[in-house]
Amino acid sequence: MATFSSVVAPSRIQALTGLIRTTTEESRTTVTPFTGEALAEIPVSSLDDVDAAFATAREAQVRWSRTSLAQRSQALLRLHDLVLARQDELLDLIQLESGKSRQHAFDEIAHVALTARFYGRRLRKQLKPQSVPGVFPLLTDVTINRVPKGVVGVISPWNYPLSMAIADGLAAVAAGNVVVQKPDSQSPLTALAAVELLRDAGFPHDVWQVVSGAGSVVGTAIVEQADYICFTGSTATGTGIAKLASERLIGFSLELGGKNPMIVLPGADVEKAAAGAVSACFSSAGQLCVSIERLYVHDSLYDDFRAAFLRRVQSLSLGASLDWDVDMGSLISAGQLETVTKHVDDAVANGATVLTGGRARPDIGPNFYEPTVLEGVTPAAECFAEETFGPLVSLYSYGSLEEAVELANAGEYGLNASLWGPVRQAKALAPRIKAGTVNINEGFGATFGSLNAPMGGMRTSGTGRRQGDEGIWRYTETQSVAVQRLVPVAGPEFIKPRLYARIMTLALRVLRRTRRA
Ligand code: NAD
């Protein structure tokens, strides 16, 4: 079995962990999912450290919010260049901490670069004060300002340790906020390498601080102090955070779980749909919020699709390698392996058939599980409606489009959906699907990679949107500033109220007839 613990030099680990805000002697060991070998000793922050991070952040935010948009844009565009230039180390760290294959790790590099470029280029347009018509044309001049919220708490998961750690927070700092972040305890090194990049790109140190520790302790402390929370993780944790944030009346965005459907429509190219389904289901070993876990195929195509899909799934290579030669990597942990194993066993006990996969691969590494396709999954099975978050997909057939829509919309989630087939038909169907993103002839990458497009969940998959203009506006308060000229809105002193009411009535009637007001 390969040795991964020596890939990152101890001095480098020390330099990265030195970026954590901590005064304690406490630490916890992280391991690589590839082999279970120890990777690093990660210092743990205390609640006092979180307090200190917020005190520093509040001071830093005042200075940072006064920087020009041009300066922030430049830093973002430098970050774009740096993440591409230093991708080799970042790819190693992502892989070592998450166990995913290198090709799937690269998606994170690309996503961060796309995000940095998008906000770097669009920032001015998104944040510049906007003039809107006032109550009286010419007399009332109204400007809408977008004022930063203050200190944004970013709580991120392990599955996209680079992208989820940094991409959402970029919009926050671009808008003039500062960030206090808690990365997942299993993947802090990648997040810390990202913070180092931010500093090298020109973001001042105090603009992005990292604290480390258990979500229930350090994460809660962040929610108790932040002016806004950006959380990515499970629906269960997100629900608790929403309660706490609501009590404090602070805003939040929650990017949560999904049980994402793909519908293969009549007339779809079966080979292309099958190829698309493979990457839609097994990227990052299915540990991806927008990953497809339910496949609905029209009766007329079912047998052909099934054969084409299985052929491709069976040819996927699994491995623990930092090279580009592996199709699919490991699950993150023994816990995740247990969930996948349980879902498969339970589905089989409830009548499902394993078409391919269905077993762990300890011969490759302690947390590997084969890409698995089930057929005949019944509603009694846990994986029928619950998110597995692993390399497991269930295949179903359907007869009519009505039925397909109903099946796709079943359950509580609403994150992502994929439609394969004639574009016009798929576009017409999209608004009927309860999902924040709908990808046509693609699994998830078309919306994920299109930064102009807002992305997020409906129903229990979350609230708020990342990416697009909404992705940065969530971190701002809109402030309306109105200047009144010549005549007060309540009328000049010398006009009696009754006369004023008459003049106003006339004015309102005139305004009703004009186009601009
Ligand atoms: P999780 O909710 O257990 O943990 C996510 C983060 O929250 C971690 O940093 C964790 O330490 C922290 N946390 C845990 N308890 C907390 C608490 N009480 N208060 C504050 N923070 C706390 O999620 P996970 O299992 O690590 O991640 C997998 C889940 O994330 C899946 O359900 C997946 O679908 C979802 N996810 C969603 C998206 C999205 O964009 N919608 C992206 C990635 C992952």
Side-chain angles (χ1 to χ4, degrees), residues 28 30 33 42 44-45 47 50 97-98 100 104 107-108 111 115 153-169 180-188 190-191 210-226 229-245 248 252-260 283-293 331-333 335-340 343 386-390 412-416 435-437 444 447-448 454-467 471:
R28 59 181 298 282
T30 56
I42 308 295
V44 172
S45 308
L47 293 180
V50 178
E97 290 197 316
S98 71
K100 66 176 70 178
H104 297 151
D107 293 347
E108 302 200 41
H111 185 242
T115 307
V154 174
I155 301 176
S156 53
W158 45 262
N159 65 327
Y160 267 51
L162 179 71
S163 173
M164 292 298 125
I166 187 174
D168 277 314
V180 174
Q181 182 192 15
K182 192 206 83 65
D184 191 273
S185 306
Q186 297 176 87
S187 56
T190 313
V210 176
V211 288
S212 132
S216 54
V217 182
V218 171
T220 303
I222 290 177
V223 184
E224 282 169 348
Q225 298 198 49
I229 287 292
C230 169
F231 172 79
T232 309
S234 63
T235 296
T237 308
T239 308
I241 286 176
K243 281 188 192 142
L244 198 50
R248 296 192 52 232
F252 52 86
S253 58
L254 305 173
E255 308 284 344
L256 309 176
K259 185 77 189 173
N260 310 299
S283 276
S284 295
Q287 298 166 116
L288 167 62
C289 54
V290 287
S291 182
I292 297 297
E293 296 197 0
L331 291 167
I332 183 78
S333 62
Q336 206 67 22
L337 178 70
E338 195 184 314
T339 303
V340 177
H343 275 194
E386 275 179 36
E387 181 188 46
T388 303
F389 216 54
E412 299 292 316
Y413 290 113
L415 192 59
N416 178 45
T437 52
F444 56 81
T447 51
F448 201 178
M455 180 182 170
M458 296 184 185
R459 307 199 283 190
T460 59
S461 288
T463 178
R465 293 289 180 268
R466 63 160 57 115
Q467 308 196 161

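Note that ligands are numbered from 1 as they come in the structure, with each ligand's atoms numbered from 1 the same way.
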One line per pair, note the atom names and distance for all nitrogen or oxygen contacts under 3.5 Å between ligand 1 and the protein.
{"from": "ligand 1", "atom 1": "2 (O)", "to": "S234", "atom 2": "N", "distance (Å)": "2.9"}
{"from": "ligand 1", "atom 1": "2 (O)", "to": "S234", "atom 2": "OG", "distance (Å)": "2.7"}
{"from": "ligand 1", "atom 1": "2 (O)", "to": "T237", "atom 2": "OG1", "distance (Å)": "2.8"}
{"from": "ligand 1", "atom 1": "9 (O)", "to": "S156", "atom 2": "O", "distance (Å)": "2.7"}
{"from": "ligand 1", "atom 1": "9 (O)", "to": "K182", "atom 2": "NZ", "distance (Å)": "3.2"}
{"from": "ligand 1", "atom 1": "11 (O)", "to": "K182", "atom 2": "NZ", "distance (Å)": "2.9"}
{"from": "ligand 1", "atom 1": "19 (N)", "to": "G215", "atom 2": "O", "distance (Å)": "3.3"}
{"from": "ligand 1", "atom 1": "23 (O)", "to": "S234", "atom 2": "N", "distance (Å)": "3.3"}
{"from": "ligand 1", "atom 1": "26 (O)", "to": "W158", "atom 2": "NE1", "distance (Å)": "2.8"}
{"from": "ligand 1", "atom 1": "30 (O)", "to": "G233", "atom 2": "O", "distance (Å)": "3.2"}
{"from": "ligand 1", "atom 1": "30 (O)", "to": "S234", "atom 2": "N", "distance (Å)": "3.4"}
{"from": "ligand 1", "atom 1": "32 (O)", "to": "E387", "atom 2": "OE1", "distance (Å)": "2.7"}
{"from": "ligand 1", "atom 1": "34 (O)", "to": "E387", "atom 2": "OE2", "distance (Å)": "2.6"}
{"from": "ligand 1", "atom 1": "40 (O)", "to": "R466", "atom 2": "NH1", "distance (Å)": "2.9"}
{"from": "ligand 1", "atom 1": "41 (N)", "to": "E255", "atom 2": "O", "distance (Å)": "3.4"}
{"from": "ligand 1", "atom 1": "41 (N)", "to": "L256", "atom 2": "N", "distance (Å)": "3.1"}
{"from": "ligand 1", "atom 1": "41 (N)", "to": "L256", "atom 2": "O", "distance (Å)": "2.6"}

* To do: Taking side chain to side chain donor-acceptor pair (under 3.5 Å) as the test, write out the residues that go with N260, two or more places apart.
  =>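 Partners of N260 by the side chain to side chain donor-acceptor pair (under 3.5 Å) criterion come out as none, since no residue qualifies.
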* In Å and rounded to the nearest 0.5 Å, what is the SG to OH distance from C289 to Y160? ->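 Answer for the SG-OH pair, C289 versus Y160, is 7.5 Å.
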* In terms of side-chain heavy atoms, does S187 have a donor or acceptor partner in T190 at a distance below 3.5 Å? ->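 No, no side-chain donor-acceptor contact under 3.5 Å.
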* To do: Determine which pairs satisfy side-chain hydrogen bond (donor to acceptor under 3.5 Å, both in side chains) with at least one residue from residues 454-463, sequence neighbours left out, and list them in order.
  =>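 Non-adjacent pairs meeting side-chain hydrogen bond (donor to acceptor under 3.5 Å, both in side chains): zero.
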* Intermediate values then yes/no, side chain to side chain donor-acceptor pair (under 3.5 Å), H343 and E338 -> CA-CA 9 Å; H343 275 194; E338 195 184 314; over 6 Å; no
Check residues 212-224 and write down every donor-acceptor pair under 3.5 Å in which the side-chain atom is one partner and the other belongs to a residue at least two apart or another chain.
{"from": "S212", "atom 1": "OG", "to": "P43", "atom 2": "O", "distance (Å)": "2.6"}
{"from": "T220", "atom 1": "OG1", "to": "S216", "atom 2": "O", "distance (Å)": "2.6"}

